[in-house]
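Before any comments, here is the structure.
All chains are named by letter (A, B, ...) in the order of the sequence lines, taking the proteins before the strands, and each is independently numbered beginning at 1.
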Amino acid sequence: MDFAERVYVVVARIPRGRVTTFGRIARALGSPRGARMVGWALNRSPSALNLPAQRVVNRNGVLSGAVHFGHPDAMHDLLVEEGVSFLDEITVDLEAHLWDPAEDPDLDYLTVIVDAP
DNA sequence: AGTTTGACAGTAT
DNA sequence: GATACTGCCAAAC
């Protein structure tokens, strides 16, 4: 199980209408300063996984990865569909929708499973 | 084997 | 507050 795959597990568990940040995902995976690697992992994530990558934003709530969704605003539109509110076109309301993976009670259980040899 | 490159974050001015 | 600087570390090349 490499780092990228663990990122996918976490991202797949972000609930509809909620968002989280690169740093919080990294922290939940035990790399408190590995935020950049979360971005790296998403960048090369297989599209077949259908990951809700639109729910991952940077620490300011900015849709820093919107350019990777083909059409600009595609990421914005997906989030609006889910009921996420925005402070402006590229900034979600983090206060209202933040979800911290470290608070997910099932996360430890899942990472134990995927890390098993 | 050394270098480059990130969808970033924390700390220090 | 807003920049600037620094750490991060797995992959691709």
Donor-acceptor contact present, side-chain [X] to main-chain [Y], <3.5 Å:
X: A/D73; Y: A/H76; answer: no
X: A/N58; Y: A/N60; answer: yes
X: A/E82; Y: A/L79; answer: no
X: A/T20; Y: A/W99; answer: yes

For A/F3 and A/G34, take the nucleotide of DNA chain C holding the closest heavy atom to each; which residue's nucleotide lies nearer the 5' end?
->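 Taking each residue's closest nucleotide, the earlier one in sequence belongs to A/G34.
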
For DNA chain C, whose closest nucleotide is more 5', that of A/A35 or that of A/D2?
->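 Nearest nucleotide further toward 5': that of A/A35.
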
In whole angstroms, how far is the [atom2] atom of [N] from the [atom1] atom of [X]?
X: A/F22; N: B/dG10; atom1: CZ; atom2: P; answer: 13 Å
X: A/L78; N: B/dA7; atom1: CG; atom2: P; answer: 19 Å
X: A/H68; N: B/dT5; atom1: NE2; atom2: C1'; answer: 12 Å
X: A/R33; N: C/dC9; atom1: CZ; atom2: P; answer: 8 Å
X: A/I25; N: C/dC9; atom1: CD1; atom2: P; answer: 17 Å
X: A/R27; N: C/dC8; atom1: CZ; atom2: C1'; answer: 16 Å
X: A/E5; N: C/dA10; atom1: CD; atom2: C1'; answer: 13 Å
X: A/L29; N: C/dA10; atom1: CG; atom2: P; answer: 12 Å

Counterpart residues, ring pair (Phe, Tyr, Trp, His ring centres under 6.0 Å), relative to A/H97 (two or more places apart) |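 In terms of ring pair (Phe, Tyr, Trp, His ring centres under 6.0 Å), with neighbours along the sequence ignored, A/H97 is linked to no residue.
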
Report the residue from A/V56, A/T91, A/V57 that forms a side chain to side chain contact (heavy atoms under 4.5 Å, CB included) with A/L63.
->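 Only one option passes, and that is A/V57.
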
Can you list, by residue number, the residues of residues 37-64 of chain A that have a non-hydrogen atom closer than 4.0 angstrom to DNA chain C?
->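 When residues 37-64 of chain A is checked for heavy atoms under 4.0 Å from DNA chain C, the hits, listed by number, are A/M37, A/W40, A/R44.
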
How would you list, by chain and number, every residue that makes a salt bridge (Lys or Arg N to Asp or Glu O under 4.0 Å) with A/R24, sequence neighbours excluded?
->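 Only A/D100 meet the salt bridge (Lys or Arg N to Asp or Glu O under 4.0 Å) criterion with A/R24.
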
Closest listed nucleotide, where the reference is the side chain of A/T21 and the choices are B/dA7, B/dA9, C/dA10 |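 From the listed options, B/dA9 comes nearest.
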
At under 4.0 Å between heavy atoms, what does A/G23 touch on the DNA or RNA strands: base, sugar-phosphate, or nothing?
->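 It contacts sugar-phosphate atoms only.
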
